[in-house]
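Residue numbers start from 1 in every chain, and the chains themselves are labelled A, B, ... in the order their sequence lines are given, proteins ahead of strands.
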Protein chains: 2
Amino acid sequence: MDTRLDRDMSNCSIARTLEVVGEKWTILILREVWYGSSRFSDFERVLGCPRNLLAARLRMLVEEGILATETYKEPGSRSRPKYVITPKGVDLVPAVMGLLQWGDRYRADPEGPAVLTRHRGCGAHVDAQIRCERGHAVQAEDIESVPGPAFRLRPAE
Amino acid sequence: MDTRLDRDMSNCSIARTLEVVGEKWTILILREVWYGSSRFSDFERVLGCPRNLLAARLRMLVEEGILATETYKEPGSRSRPKYVITPKGVDLVPAVMGLLQWGDRYRADPEGPAVLTRHRGCGAHVDAQIRCERGHAVQAEDIESVPGPAFRLRPAE
DNA sequence: GACCTGAGTTTACTTTTCCATACTCAACAA
DNA sequence: TTGTTGAGTATGGAAAAGTAAACTCAGGTC
């Protein structure tokens, strides 16, 4: 993609995804959900994030359909809400795996990463890869970005 | 991973990656590099981002080794710096492809995405997938997160 | 020598986001 | 009826981001 006129990037899918998950704490909240947390107090304790932001992020994630609320009840106390991931949230896993993998490679402690990801059953290490529909592994250099159906040039200034 | 004691997440690779690329504009600058921009004025024009932040983000990306500066020279003007991606930067592609893919699925215009990614040569659509080392495609539900070498529990409070 | 240009830096001001902490609220328990 | 607990809401100050314009700097051109 090498149009000399400026592309209009107002409909860029990367930017639009970041509008939803690009704020501070959002992705870390999702990480906690994957690692098993579901309650407000769990997120607060493990993340150390301010409560008002936590509430705002959870509300956003639920509004966007990435998390959903259910209720749980501990014996001897009343029902309270908990947060569970939806299929739309699960679809963020490849992106987050990509971040995890980069951090493992370039920012891990000398002894290695804090968390290993394995294929349940097979046990082999798991990571995010780029593949084409035909199943070929694709090097980043061999990705070609071409204008899609919603491609626009920028309105003249 | 379901330790009832709190995990210490201060060495989480996701959090550490976000420390580098989690600020506003950073990933969009990388997007522009992939789409062919390399000059300060290109980024400024296409992103519409404030110059001081742009300068700060570029400096950060160069310090982190994700971008590198080279010089270019237009005939009739002096040499000027441009920004090119390094192998360390290329390793962020899977994460960003993951974001792109989610945006394409859930936030695209009705007519479709603005940009299509294809395998150069083969031409087939390309995306980020989760695979294990043995080459199996892995469903998000079949990822098992287990404590790694740098796993720590949280020091008691 | 004066002017131009791309790539910044600096400054000054407004707005937004973030952080820390205090406060509220609705069951349930004693 | 008072206390407790989890899940928030409210608030006030600090930090970061956004906006706009002026300024710098070096190596071109005129």
For this session: May I have the distance from B/R80 (atom CZ) to D/dC25 (atom P), rounded to whole angstrom?
Result: 15 Å
Problem set entry | Nucleic acid contacts of residues 52-70 of chain A, taken as heavy-atom distances under 4.0 Å to DNA chain D | A/N52, A/A55, A/R59
Exercise. Thinking salt bridges, do A/D104 and B/R16 make one under a 4.0 Å N-O criterion?
Worked result: no
For this session: For the residue pair A/S37 and A/R45, confirm or rule out a side-chain donor-acceptor distance under 3.5 Å.
Result: no
Problem set entry | Evaluation steps, side-chain hydrogen bond (donor to acceptor under 3.5 Å, both in side chains), between A/S145 and B/R118 | CA-CA 6 Å; A/S145 297; B/R118 300 192 313 201; over 6 Å; no
Exercise. For A/E44 and D/dT9, what is the distance between atoms CD and C1' respectively, to the nearest whole Å?
Worked result: 13 Å
Exercise. Using a cut-off of 4.0 Å on non-hydrogen atoms, how would the nucleic acid contact of A/Y72 be classed: base, sugar-phosphate, or nothing?
Worked result: sugar-phosphate
Exercise. Is any NZ, NE, NH1 or NH2 atom of the basic residue among A/R80 and A/E70 found under 4.0 Å from an Asp or Glu carboxylate oxygen of the other?
Worked result: no
Seminar exercise, completed: Here the distance between atom P of D/dG6 and atom NZ of A/K73, to the nearest Å, is 13 Å
Exercise. Within this structure, what is the NZ-to-C1' distance between B/K24 and D/dA15, rounded to whole angstrom?
Worked result: 14 Å
Exercise. D/dG28 P sits how many Å from B/E74 CD, rounded?
Worked result: 13 Å
Exercise. Going by distance alone, is a donor N or O of one side chain under 3.5 Å from an acceptor N or O of the other, for B/S13 and A/R105?
Worked result: no
Problem set entry | Set of side chain to side chain donor-acceptor pair (under 3.5 Å) partners for A/R59, sequence neighbours left out | none
Exercise. Does any N or O in the side chain of A/Q101 come within less than 3.5 Å of the main-chain N or O of A/A128, such that one atom is a donor and the other an acceptor?
Worked result: yes
For this session: Output yes when A/E32 and A/R39 qualify as a salt bridge under the 4.0 Å nitrogen-oxygen rule, no when they do not.
Result: no
Problem set entry | Phosphate-side-chain proximity, A/Y83 and D/dG8, N/O vs OP1/OP2 below 4.0 Å | yes
For this session: Using the heavy-atom set of chain A and a strict 4.0 Å cut-off, write down the first and last nucleotide of DNA chain C that makes it in, 5' to 3'.
Result: C/dC18 to C/dA29
Exercise. Which whole-number value in Å describes the distance from A/K82 NZ to D/dG8 P?
Worked result: 14 Å
Exercise. Between B/P81 and A/G48, which has a closest nucleotide on DNA chain C that is more 5'?
Worked result: B/P81
For this session: Kindly point out which of D/dA17, D/dA26, D/dG18 is positioned nearest to the side chain of B/R78?
Result: D/dA26
Exercise. Between B/R131 and A/D127, is there a side-chain N and carboxylate O pair less than 4.0 Å apart?
Worked result: no
For this session: Specify the residue among A/W25 and B/R39 whose closest nucleotide of DNA chain C lies further upstream toward the 5′ end.
Result: B/R39
